[in-house]
Asks: 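Take this structure, written in structure tokens, and hold onto it; I'll ask about it next.
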Amino acid sequence: MAPAFRLSLKAKASDNMSHLMVDFSQEREMLQGLKFLPVPATPELQVSECQVCDNTVTVVWTLPEPDSKIDHYILEHRRTNHEGPPRIREDYPWMVVEGIREMECTLTGLRFDTRYMTFRVRACNKAVAGEFSEPVTLETHAFTFKLDSASAHQNLKVEDLSVEWDGSGGKIQDIRKEKNRTSSPMQSPARSALMSPKRAPTARPGRDRFTAESYTVLADTMIDAGQQYWEVQFDKESKAFAVGLALRSLGRFDQLGKSSASWCIHLNNWLQQSLTAKHNNKARTLDCPIPNRIGVYVNYDEGVLSFYNAKTKQLMHSFKTKFQQPVIPAFMVWNGSFSVVTGLQVPSVVQSGQRKNSGTSSSNASLT
């Protein structure tokens, strides 16, 4: 019985499977239900409506024709020192901003340490992204500099844009190293290649470091035209701190504000805390709270040097003078530290305040 049972259950096979059919009805319904979305059109950046102000950039674009299927936009931007369309090889990568729902985008908190920024945008629906728009390059003028460690007092430890007091500085071996220095970082080819028509490296041939009680350091870039702005954040516990401008003729023993070659505001924490404006060995006590961060505004052509509370943009003091030669950002610190923020545009609040005060006489004439 067992062999007969196995033979009776043996399946009959067919070479062409003609007795079977495949049912595609479900797949046919799915294909018939598909809806195809066209590739979005390429947006056009509107240069005339784009704005660059207060270290923010607002980019505006349009579509050739309305498209209700657009889901979002993707904006890409990168810094550059070259005007015009992007080059094949750039120093900076593209930065991506995704999920933009409107036909404009505002970028905030930027630091303009290059001369331009390049932008491009593309539209996306739920299926596909379109082509990028023609790139647009916007000018991002701002004042950038670093601190010149070759000018710094031996007790100051300088790193690009920050300074820390080092009481053990000025050792004999360090002084010997400085005497054997053959060239300054300002004279390097890389530094020369970044020269601006309005700014040039502050060549100090034959100059030694600041010494004695002049705990000073200068910037590596001079100002000889236009309006510039930067900010300084300092340690309020510093025994002494000063920020301002100096002429290139400032002597290596000169302290900021104690000669006709420098202007500054000075924080003194030695006996009692005070904030004063100093120039040509004259001082005026400032009746204002001591901020955590100071904004410095320079209008070289009009001879204006103003200091602001960087957070509130409240004017602390202004000097009115006439600059006879290029000036250099200058700083002093004793038993403390500070850092500088550059690449900042002149805030619109500061510009409007300067225009209002331009017609009035300066109350600080005794210090100018």
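Atoms considered below: every heavy atom in the structure, side chains included; atoms not considered: hydrogens, waters and symmetry mates.
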Asks: What residues join V304 in its hydrophobic cluster, counting side-chain heavy atom gaps under 4.5 Å, either direct or through other members?
Replies: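 Besides V304, the cluster holds Y229, Y297, Y308, L315, V341, L344, V346, V350.
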Asks: I need the full list of side chain to side chain donor-acceptor pair (under 3.5 Å) pairs touching residues 38-48, with sequence neighbours left out, sorted by first then second residue.
Replies: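 Listed by first then second residue: Q46-T62.
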Asks: Can you list everything that forms a side chain to side chain contact (heavy atoms under 4.5 Å, CB included) with T108? Sequence neighbours excluded, please.
Replies: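 Here the qualifying residues are T56, T106.
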Asks: Applying ring-ring contact (aromatic ring centres under 6.0 Å, His included) as the test, list every pair that has at least one member in residues 50-69; sequence neighbours left out.
Replies: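 Of all non-adjacent pairs touching residues 50-69, those that pass ring-ring contact (aromatic ring centres under 6.0 Å, His included) are W61-Y73.
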Asks: Taking distance alone, no hydrogens or angles, what donor-acceptor pairs closer than 3.5 Å link side-chain atoms of residues 20-32 to residues at least two apart or in another chain?
Replies:
residue	atom	partner	partner atom	Å
D23	OD1	S25	N	3.1
D23	OD1	S25	OG	2.8
D23	OD2	S25	OG	3.4

Asks: For R78, give me all partners under salt bridge (Lys or Arg N to Asp or Glu O under 4.0 Å), at least two apart in sequence or on another chain.
Replies: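 For R78 there are no salt bridge (Lys or Arg N to Asp or Glu O under 4.0 Å) partners, ignoring immediate neighbours.
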Asks: For H77, what residues pass the side chain to side chain donor-acceptor pair (under 3.5 Å) criterion, not counting sequence neighbours?
Replies: none
Asks: Quick check on ring pair (Phe, Tyr, Trp, His ring centres under 6.0 Å): which of F210, F241, F338 does F331 satisfy it with?
Replies: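 Of F210, F241, F338, ring pair (Phe, Tyr, Trp, His ring centres under 6.0 Å) with F331 is met by F338 alone.
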Asks: Please identify each residue that fulfils side chain to side chain donor-acceptor pair (under 3.5 Å) with Q351, with sequence neighbours left out.
Replies: none
Asks: Taking only residues two or more places apart in sequence, or in another chain, which ones meet R101 in a salt bridge (Lys or Arg N to Asp or Glu O under 4.0 Å)?
Replies: D71
Asks: Who are the ring pair (Phe, Tyr, Trp, His ring centres under 6.0 Å) partners of Y300, not counting sequence neighbours?
Replies: F323
Asks: Heavy atoms, side chains only, cut-off 4.5 Å: are L256 and T216 in contact?
Replies: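 L256 vs T216: side chains touch.
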Asks: Run the side chain to side chain donor-acceptor pair (under 3.5 Å) test against N335 and tell me which residues pass, sequence neighbours left out.
Replies: W165
Asks: How long is the span from the CG atom in L245 to the OG1 atom in T321, to the nearest 0.5 Å?
Replies: 10.5 Å
Asks: Extract all donor-acceptor atom pairs below 3.5 Å that involve side chains of residues 117-128 and protein atoms in other chains or at least two apart in sequence.
Replies:
residue	atom	partner	partner atom	Å
T118	OG1	T137	OG1	3.4
R120	NE	E76	OE1	3.0
R120	NH2	E76	OE1	2.7
N125	OD1	A127	N	2.8
N125	OD1	V128	N	2.8
N125	ND2	P38	O	2.9

